[in-house]
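What follows is one structure encoded as structure tokens, with my remarks underneath.
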Amino acid sequence: MISPKYNPAEVEDKWYAHWMDKRYFHSEPDERPAYSIVIPPPNVTGVLHMGHMLNNTIQDILIRKARMDGKNACWVPGTDHASIATEAKVVKMLREKGIKKGDLTREQFLAYAWEWKEKYGGIILEQLQKLGASCDWERTAFTMDEVRSDAVIKVFVDLYKKGKLYRGNRMVNWDPEAKTVLSNEEVLYSLEQSKLFHVKYKIEGSEEYLVVATTRPETIPGDTAVAVHPDDPRYAHLEGKRVIVPVIGRSIPIIKDAYVDMEFGTGALKVTPAHDVNDYEIGNRHNLAVIDVFNEDGTMSADATIYLGEDRFVVRKKFVKDLEAADCIIKIEDYQNNVGRSERTNAVIEPRLSLQWYVDMKALSTPAAEAVASDEVEFFPKNQKNIYRHWMENIKDWCISRQLWWGHRIPAFYFNGDVFVAETIDEAYNEAKCKYVDLKIEDLHQDEDVLDTWFSSWLWPISVFDGFKDRKELDYYYPTSVLVTGWDIIFLWVARMVMAGYEWEHKRPFDHVYFTGMVRDKQRRKMSKSLGNSPDALKLIEDFGADGVRFGMLLSSPAGGDLLFDEKLVEQGRNFCNKIWNALRLVDGWETDENVSISEGEMLAYHWMVNKMNALATDIDKNFKEYRLSEALMSIYSFVWSDFCSWYLEMVKPNFGEKISIKSRENTIQIFSEICSLMHPFMPFVTEEIWHQLKNGNQDGDCIISTFPKPAPYDQVLIDRVEQAKDIITNIRDVRNKNGIKMKDELDVLMIKSDRAQALVNQSGWPEICLKLGNLRSIQLSDDESLKGIGFISGTEKCIVILQQEINMEAELDEKIKELEYQKGFVASVQAKLSNERFVSGAPEAVVAKEKAKLADGVERIRILEDDIRRLEN
RNA sequence: GGGAGAUUAGCUCAGUUGGUUCAGAGCACCUCGUUUACACCGAGGGGGUCGGGGGUUCGAGCCCCUCAUCUCCCA
């Protein structure tokens, strides 16, 4: 006995284990065409969130479809070491244990970090399995495992040797909390409420003073000049003079620089070269000293001369008090400015002068920009192309060193101010010995820093196939077929992978990029831990089933568009599972009788389904090619729920107490099985279960490796005839509803004679379907339009439901008049078109022919309506 | 300051090179219904003139201009 409710928990784990057991997810190069996807590696110690669910559901759909299409499908999973994020977590964990990172050696710290990774590293992958992800788990990679680490080191050395990688002293984005530099892409800017302080700088040897507006008074100890615009008449007389830094008492020059915006504040700018990118450039132009007033953790340095060791934001308040006490504050305004924060720690970024490693991006960007512009790498949706191009055209060098321990240590070795870059210390030593003959290997000192996480992820499509060492797999799987990722990491990751692909493989890393939207809540807010608006992914799977969740995530998620998550959607998915589950119950309960033969109506219903399925497969094929997955799913949904369950099953289901023919049951099971295949990529668990139930244990193979329905020719005429039967039945049901006629009361229906009407009733099985679903005694042709009853028009056919009882003439008349008005307007517009000489001669023949047909149909309907109205009025 | 995108039913969104009876889907809503798969259900229904204005065209939700509003990215 099958339960009336589908219970996902009972089937999901069972089938996942079965698939694993059969190694369906595993791929090895063979003679079939490859279809490969590399997973965007989630943070190794992260947990599954809504973004992952959306992203990985899409990848799983694509990979399962490819597998069913007979391709060698390979989805490579893995995790990212996520340098900053993971190190921050480990530091926090240690702090809770009372251990300070500063008290540990590098080796000790890394031991803790690896331990942490071993403990939590597998969680997110297990969660992906709950979702149904059909990854080749035998290939699971990690950005810091041996193969991937070797690739990183090799690439670093290679770029250095090619002169595309260098070390430079520049202004960087400093994260004082993580105590590391960040790339531009890791800094997020947003408008924040702050204050603008107007501060007096006394002019040396005068009672006069200059007023400078600043949002950052705590950097005043680092001022080395005050700048005004060269054309500013207000300050022309101050040429060559100097001012005194308030409270600090140091004397600094007044300089002229065109960078200054005369409109902003007072038109005078304090110049702090150590703590602002623009000030740094002004400082360079005017040979100004650089006074760094902060330590690496954002506290005041010895050079600040005040508040040594106190935090920059505490000092801001204290120093403003000092300024007020010295009568140096003119006013304090509320002010909104753009504040940069660390993507990972959310700390306010401090611009800082620092010696770091950079990749020369101009050297790498040209082929990468060209590849996307020419659609060699094709973006879905297209509009991301512009954003990509804009970034490529304004590309800045990539700062890749990080002052962290968890990551790939930079393979640069130093001695006496010289740097030797090599894959191993031995190689570096050999190189160094050429210059320093007496050098001992212990004298070489390796760079303390590690590389940006993305410096390993940008190699992912190559490195997961061990492509830097062995070409065997790479030649088969590369370029990968498609990359599925969020648009938020287009620069951090996608663009850089394209560059790496061309740099080392001279080939694109993937044919297509499918950008998913961000998952947001109903109020359009990003899902985030701090807002607490992110549903627990695993709980959702528990409550609604993996298939229900997959359905819900996908249904309202066109490429690139944000997804407003609403539990209603997964509810719909769960209901859908239950619907087909109950279709199974129905079919399962049918008893066959070999003495019963299939009826004409059942045959027609079957042919209708087969043709409709072919039409649907054609449509879905097109939608898949354009990555319109939510549309594909939507059309499957309405086909299954409406056409299959509401119409087909009702057409063939035996009457109460009767049995079904063997043939009709077989037909139904065949269609149902194909529907399972069609749905499988989207909803793998429920379809696998039903697939097997349908075969009553006589399983030949599994749904997961069945053939996905392919586009095939279909008979549109036959489809249209059954669709018209549906239309007539719906009209009859409407007549019943409006006139309070019970479903169980049989009715007689007439169709007014016409060629079309004749063809319909002559279609084998057609009248039978109408009788069964309309609960009619008869449906016949007639010449007599004046018969008593309620008329309606289906297509161009007039039908009459014969009624003995009195009918509501007035309502009937109103409806007809309304309909007539609409038809008249419609015909008028078509006529206007057709009487326009320029339309008839200008438009394609087919369009004109269609317009003519529209006109004829409209005229026919008007004739019927006018007749009806005349009769009703009498 | 520079750039991208959006505005279609109460809500969330489709609408693919301008031409099928094109104004759609899902949800929500209204009426009816406990017929032997399913109330996580069935039958039926109402609802928008496609942000405003202008233009191109035989023909515009779709192309162009303009205004308004909103979102995002970059600096």
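The chains referred to below are lettered A, B, ... by the order of the sequence lines, with proteins before strands, and numbering in each begins at 1.
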Short heteroatom pairs, N/O only, protein and nucleotides 26-28 of chain B, under 3.5 Å:
| from | atom 1 | to | atom 2 | distance (Å) |
| --- | --- | --- | --- | --- |
| B/G26 | O3' | A/Q572 | NE2 | 3.3 |
| B/G26 | O2' | A/Q572 | OE1 | 2.9 |
| B/G26 | O2' | A/Q572 | NE2 | 3.1 |

Reported [atom1]-to-[atom2] distance for the pair [X] and [Y], which is rounded to 0.5 angstrom:
X      : Y      : atom1 : atom2 : value
A/F644 : A/I675 : CZ    : CD1   : 4.5 Å
A/K625 : A/I620 : NZ    : CD1   : 12.5 Å
A/F551 : A/F682 : CZ    : CZ    : 10.0 Å

Would you say [X] places a side-chain N or O within less than 4.0 Å of OP1 or OP2 belonging to [N]?
X      : N     : result
A/R628 : B/G15 : yes
A/K653 : B/A37 : yes
A/W641 : B/A25 : no
A/R574 : B/C40 : no
A/K579 : B/G42 : yes
A/N575 : B/C41 : yes
A/T730 : B/G44 : yes

Find the partner of [N]: check Watson-Crick (N1-N3 plus N6-O4 or O6-N4) and G-U wobble (N1-O2, O6-N3) distances, both under 3.5 Å, and reply none if neither fits.
N     : value
B/G61 : none
B/G51 : B/C67
B/A25 : B/U12
B/C40 : none

**Prompt:** Are A/Q670 and A/S673 linked by a side-chain donor-acceptor pair shorter than 3.5 Å?
**Reply:** no
**Request:** Identify which nucleotide among B/G5, B/A43, B/A37 has an atom closest to any side-chain atom of A/L649, counting heavy atoms from C-beta outward.
**Result:** B/A37
**Prompt:** If you check the A/F656 side chain, which of B/C72, B/U36, B/A4 turns out closest?
**Reply:**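 Within the option list, the nearest is B/U36.
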**Asked** Under 30°, 30 to 60°, or over 60°: which ring-plane class applies to A/F515 and A/F379, parallel, tilted or perpendicular?
**Response** perpendicular
**Asked** When the ring planes of A/W454 and A/W493 are compared, do they come out parallel, tilted or perpendicular, using 30° and 60° as the limits?
**Response** tilted
**Message:** Quick check against the 3.5 Å criterion: does A/D276 have a side-chain atom that pairs as donor or acceptor with the backbone of A/D279?
**Reply:**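 A pair under 3.5 Å: yes.
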Looking for any heavy atom pair under 4.0 Å, which part of the strands does [X] touch: base, sugar-phosphate only, or nothing?
X      : result
A/E650 : base
A/D734 : sugar-phosphate
A/K744 : nothing
A/C645 : base
A/N394 : nothing

**Prompt:** Could you walk me through whether A/Y514 and A/Y627 pass the ring pair (Phe, Tyr, Trp, His ring centres under 6.0 Å) check?
**Reply:** CA-CA 8 Å; A/Y514 177 103; A/Y627 292 93; 5.6 Å; yes
**Nearest-Å distance once atom C1' is located in both B/C73 and B/C62** = 26 Å
